Every structure is written in C-alpha cells, then in structure tokens.
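Remember, it's a predicted structure, so these values are computed and weren't measured experimentally.
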2 protein chains.
Amino acid sequence: MALTIGDLGKATNTKVETIRYYESIGLLPKPARTAGNYRAYGPVELGRLSFIRRARDLGFSLDQVRAMLSLADDKACDCAGIDRIAREHLEEVERKIADLTALRQELSAVIRSCAGGTIADCRIIEALGPSQ
Amino acid sequence: MALTIGDLGKATNTKVETIRYYESIGLLPKPARTAGNYRAYGPVELGRLSFIRRARDLGFSLDQVRAMLSLADDKACDCAGIDRIAREHLEEVERKIADLTALRQELSAVIRSCAGGTIADCRIIEALGPSQ
DNA sequence: CTTGACCCTATAGTTACTACAGGGACTATA
DNA sequence: TATAGTCCCTGTAGTAACTATAGGGTCAAG
C-alpha cells in the first residue's frame, strides 16, 4: 500500500509542509497521485527522505544533500567519485566537530565563571563582554 | 570622540548593515545622531554589541541574546536565568558533537569499504539511510 | 449524509542577516 | 572652488530552510 504525505511525515519525523517544500525545490521527485489527487509514496521515497532528514540533522546544507543524492542516483558513476566526495564530507564533519568542541570549551568556561550571585557580580556578562 | 557606524563595525567585526539590523529589531538602542544625521556611538554601545557578537559566535540565537541582555540589564535579578540559558545551549552543542562523531564513524567506514567497485556496491546510502 | 481528519495549492511569515538602489555628507586633492 | 571618492542615510528585496495561514477538496466513520 502507498503512503500518504502524512504517513511519510510521521515515518521520517518531517512536517507535511517540509515534504512539499522538498518536492518544490526538486529534492524529492514529484510522486504519483491517487484518484483524489493525493500524493502517493512508496519505500523508495521513504528511504530518500530519511537520508535527507538525517543529513540535515547533522548539519549538511540542502545543497550538500542534493550533491550526495545525485551521486547516489548515478549508478554509472564509479566508486572513485564517491570516495572523493565521501572524503570531502568527512573532512567537513571533522571541521565541524573541532569547531563545536572549541565552542563547548568556551561555553563551559563561561558557565563555570558563574558563582550564583546577583547580576552585579555575574561573570557570564563579563566573560561575554568586550575582552582583549 | 564618538564612533561612526563603520568604526563600530570594524571594532566588533560586524557589517554596517548588521548593526542597523540589530537596531531595527531593538537589540541595540537608537543612538544619538550628528548634525549630518550620522549615527554616533560610544563605549556603552561598543560593549553591548561586543556582547551580542560574542554570544552569536558561540551559537546563541538572537532571542537567547535578547533574554540574556534583558536579564543583565536588571541588576537586581539573580544570575540563575543566564546560567540556565547557557547550560541549555551547552547541552545542545554536546548533542551535536555526539551526532557528528557518529557520522564521522559511518563516513570512515564507507570510505574504507569503497574499494573501487560501482555505486551498486557502495555503502553510503545504507550508512545514511533509514537503517538504525 | 454529515462530521472531522486529512489532503490540495498558493502565498506570506520566520530567522539572521546580506545586498542593492538612490541619494546625502565629509575629506582630500587639483 | 570644484570634484572625486569614501563613507553614511533610508527603504526594500533577496537568501536558506523551513513554517504557517487561507481557502478549499477528499475520504472513512458513525
């Protein structure tokens, strides 16, 4: 049985509007329609949307997602291309991890500086102020 | 001497348009004007904008910044509110690091498994797809 | 045979900026 | 004094990636 747009949304934790938006920008193909003009989805679309959502959760832009998908769609392309793009994505992920780790460090320092008094004594304000 | 909007931008690494935008949404107060209708800033505005930019760099939303600023403006209020906002944000950062670390693992596995075949054999789809 | 939950299209709003367009102010030089 | 160049002004529109609303159609249950 085909899935409605609502079913697909529940299965992938995506709002119905977002699915239609992805379709409108060409990330999801225009699906088949029922007699009543409802969108009808199958497991292929489910997989594709799951991929998109997971990549988005991990901070990839829609353009990056699009690149990954077109790579995956091109069955003729050989593995060297995939390998190269996968490595590029890996580097980006590693850069993001490094950035966020540094950010965590700074945030922790800011939080630790708060001893719990009143604003007049609060160090978080100072810590975020015009340093240097 | 008063600072022009350009001076303030250079001092805080902020584009002129962004400063005017912050003013338009009420994050920065409307400054004094010169005879020629130029905005004139002083050290107070410099401090406030530095705070905003630093908080933004650390990934706080403008709403979070706004909340922190209004808490900071109220000197009688205690530090707990600001501390809570910072801690919530830290938790978010830690979640993202964990997610990205998992993705790095998967991407590394994909790259290792991709030994030169065709897309049909490639694991990138499964690695990011609706598996779990 | 009607109620309510779902679906449809189209458009406008959100966040946090960024980029014009069209004009005015100020500084340095010829 | 004229003029070139760099800054400033307001106002509007564009960006990403959704999200919400308006105004209507479809379908299963009671």
Exercise. Would you say the side chains of B/Q64 and B/E88 form a donor-acceptor pair under 3.5 Å?
Worked result: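 Note: B/Q64 and B/E88 side chains miss the donor-acceptor criterion.
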
Problem set entry | Side chains of A/Y22 and A/R53, donor plus acceptor under 3.5 Å |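 The answer is yes; a qualifying pair exists.
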
For this session: Taking heavy atoms of chain B and a 4.0 Å limit, find me the 5'-most and 3'-most nucleotide of DNA chain C within that range.
Result: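 So the contact region on DNA chain C extends C/dA16 to C/dC26.
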
Problem set entry | Qualifying salt bridge (Lys or Arg N to Asp or Glu O under 4.0 Å) pairs with a residue from residues 18-31 of chain B, counting only residues at least two apart or across chains |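 Salt bridge (Lys or Arg N to Asp or Glu O under 4.0 Å) check on residues 18-31 of chain B returns B/E23-B/R39.
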
Exercise. Tell me, do B/L3 and B/E45 make a side-chain contact under 4.5 Å, heavy atoms counted?
Worked result: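 No, every pair of side-chain atoms sits at 4.5 Å or beyond.
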
Problem set entry | Results of salt bridge (Lys or Arg N to Asp or Glu O under 4.0 Å) for A/E94 - residues two or more places apart only |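 A/E94 satisfies salt bridge (Lys or Arg N to Asp or Glu O under 4.0 Å) with no other residue.
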
Problem set entry | Sequence-distant partners of B/E91, salt bridge (Lys or Arg N to Asp or Glu O under 4.0 Å), two or more places apart |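 B/E91: no salt bridge (Lys or Arg N to Asp or Glu O under 4.0 Å) contacts found.
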
For this session: May I ask you to verify if any side-chain N or O of B/R39 is less than 4.0 angstrom from the OP1 or OP2 atom of D/dC9?
Result: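 Answer is yes, contact under 4.0 Å.
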
Problem set entry | Listed partners of B/K10 passing side chain to side chain contact (heavy atoms under 4.5 Å, CB included), at least two apart |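 Result, side chain to side chain contact (heavy atoms under 4.5 Å, CB included) vs B/K10: none returned.
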
For this session: Summarise how protein sits on nucleotides 18-30 of chain D as a single string, 5' to 3': B when a protein heavy atom is under 4.0 Å from the base, S for sugar-phosphate-only contact, - for no contact.
Result: BBBB---BBS---

Exercise. Hey, is CG on B/N13 packed in by over 12 heavy atoms from elsewhere, all under 6.0 Å?
Worked result: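 Atom CG in B/N13 is not crowded, with 12 or fewer foreign heavy atoms closer than 6.0 Å.
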
Problem set entry | Atom-pair distance (CD on B/E23; C1' on D/dC8), nearest Å |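 Spelled out: CD on B/E23 to C1' on D/dC8 is 13 Å.
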
For this session: Using a 4.0 Å heavy-atom cut-off across all strands, classify A/I5 as base, sugar-phosphate, or nothing.
Result: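 Here A/I5 touches the backbone only, sparing every base.
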
